[in-house]
Amino acid sequence: GGPTMFWGDIDVKGKASGVFGLNANIRVTPYLTNSISAYRGRLQGEKDKFASGNPANLGFYNDFWQIDRIYKFYPFSHPKLQQDLPVSPYIFGGVGLINYKSYKFNTLTDKGIEWAGYSREAFKKSPYRTDLILPFGLGVEYPVGNMFTLVLEHKLMYAHTDLLDAHTG
């Protein structure tokens, strides 16, 4: 694990909280691993002021699940280099889908302002929205015995949508 960040739509003090998931890897070559991942979590954030300095008092939350397919490239997997390195650094990129519902509200009154994936009538649930994501990043693996590997990874996800924070425009 490591920080998971969405890049593309969240223009407030946002964070991912309560994210968990599963990951399966298959080594294709000494230099390449194919990975599939599934995550469930919540994005949330607040915006206190607009760029003009006027108060915004906006907050949002977004409940999501995602699935992605990633290829990891290990540039230092040459046998001579690998013997000298205790860790395996890699870079990765892929494609995936995010399925979500988001809700924007006034932080002073808790009154809803905009929705994505919900109908406006009595805040009834409607189908989740689904959009394309492009995950990419870098990481380091450290083998622990024959069965386990510790992973430190930094992943960015470009989200091709304007609604992760329930704000259009």
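The chain is numbered in sequence order, starting from 1.
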Taking side chain as C-beta onward, heavy atoms only, is [X] less than 4.5 Å from [Y]?
X	Y	result
Ser35	Asn23	yes
Ile133	Gln66	yes
Tyr39	Met157	no
Ile98	Thr130	no
Ile36	Ile67	yes

For [X] and [Y], which heavy atoms make the closest approach, and how far apart are they?
X	Y	answer
Pro89	Pro75	O-CD, 3.7 Å
Asn57	Leu108	ND2-CD1, 3.3 Å
Gly59	Thr107	N-CG2, 3.6 Å

Relative to Phe60, does Lys104 satisfy both conditions: NZ or CZ under 6.0 angstrom from the six-membered ring centre, and within 45 degrees of the ring's axis?
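Ring-cation test returns no.
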Under 6.0 Å from the ring centre and within 45 degrees of the ring axis: does the NZ or CZ of Arg42 meet both conditions for the six-membered ring of Tyr61?
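Checked: cation-pi criterion met.
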Any side-chain donor-acceptor pair under 3.5 Å between [X] and [Y]?
X	Y	result
Asn25	Thr33	no
Asn99	Arg129	no
Asp131	Tyr100	yes
Glu141	Tyr74	yes

Got a second to check how far Ile91's CD1 is from Ile70's CD1, nearest 0.5 Å?
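Taking CD1 in Ile91 and CD1 in Ile70, the distance rounds to 12.5 Å.
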List the steps and the verdict of side-chain contact (heavy atoms from CB on, under 4.5 Å) for Phe136 and Lys155.
CA-CA 6 Å; Phe136 58 95; Lys155 181 188 285 188; over 6 Å; no
Could you go step by step and tell me if Tyr90 and Val151 meet the side-chain contact (heavy atoms from CB on, under 4.5 Å) rule?
CA-CA 11 Å; Tyr90 61 91; Val151 177; 3.3 Å; yes
Can Val140 be reached from Leu150 by stepping across I, L, V, M, F, W or Y side chains whose heavy atoms are under 4.5 Å apart?
yes
Applying the 4.5 Å side-chain criterion to the ILVMFWY set and letting contacts propagate, would Val87 and Val144 be lumped into a single cluster?
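Linked within one cluster.
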Between the main-chain N or O of Gly96 and the side-chain N or O of Arg69, is there a donor-acceptor pair closer than 3.5 Å?
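No.
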Could you tell me whether the side chain of Ser77 and the main chain of Pro30 form a donor-acceptor pair under 3.5 Å?
yes
Angle between ring planes, Tyr103 versus Phe105, binned at 30° and 60°: parallel, tilted or perpendicular?
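The rings of Tyr103 and Phe105 lie parallel, inter-plane angle below 30°.
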Any ion pair linking Lys101 and Asp63 (charged N to carboxylate O, less than 4.0 Å)?
no
Give a yes or no on this: more than 12 heavy atoms of other residues, nucleotides or ligands lie within 6.0 Å of atom OH of Tyr142.
no
side-chain contact (heavy atoms from CB on, under 4.5 Å) between Arg27 and Lys72: does it pass, once the steps are laid out?
CA-CA 9 Å; Arg27 190 72 138 202; Lys72 296 178 183 178; over 6 Å; no
Should Tyr71 and Leu32 be marked as a side-chain contact (heavy atoms from CB on, under 4.5 Å) after you check the CA-CA gap, both sets of side-chain angles, and the distance that decides it?
CA-CA 7 Å; Tyr71 286 93; Leu32 192 66; 4.2 Å; yes
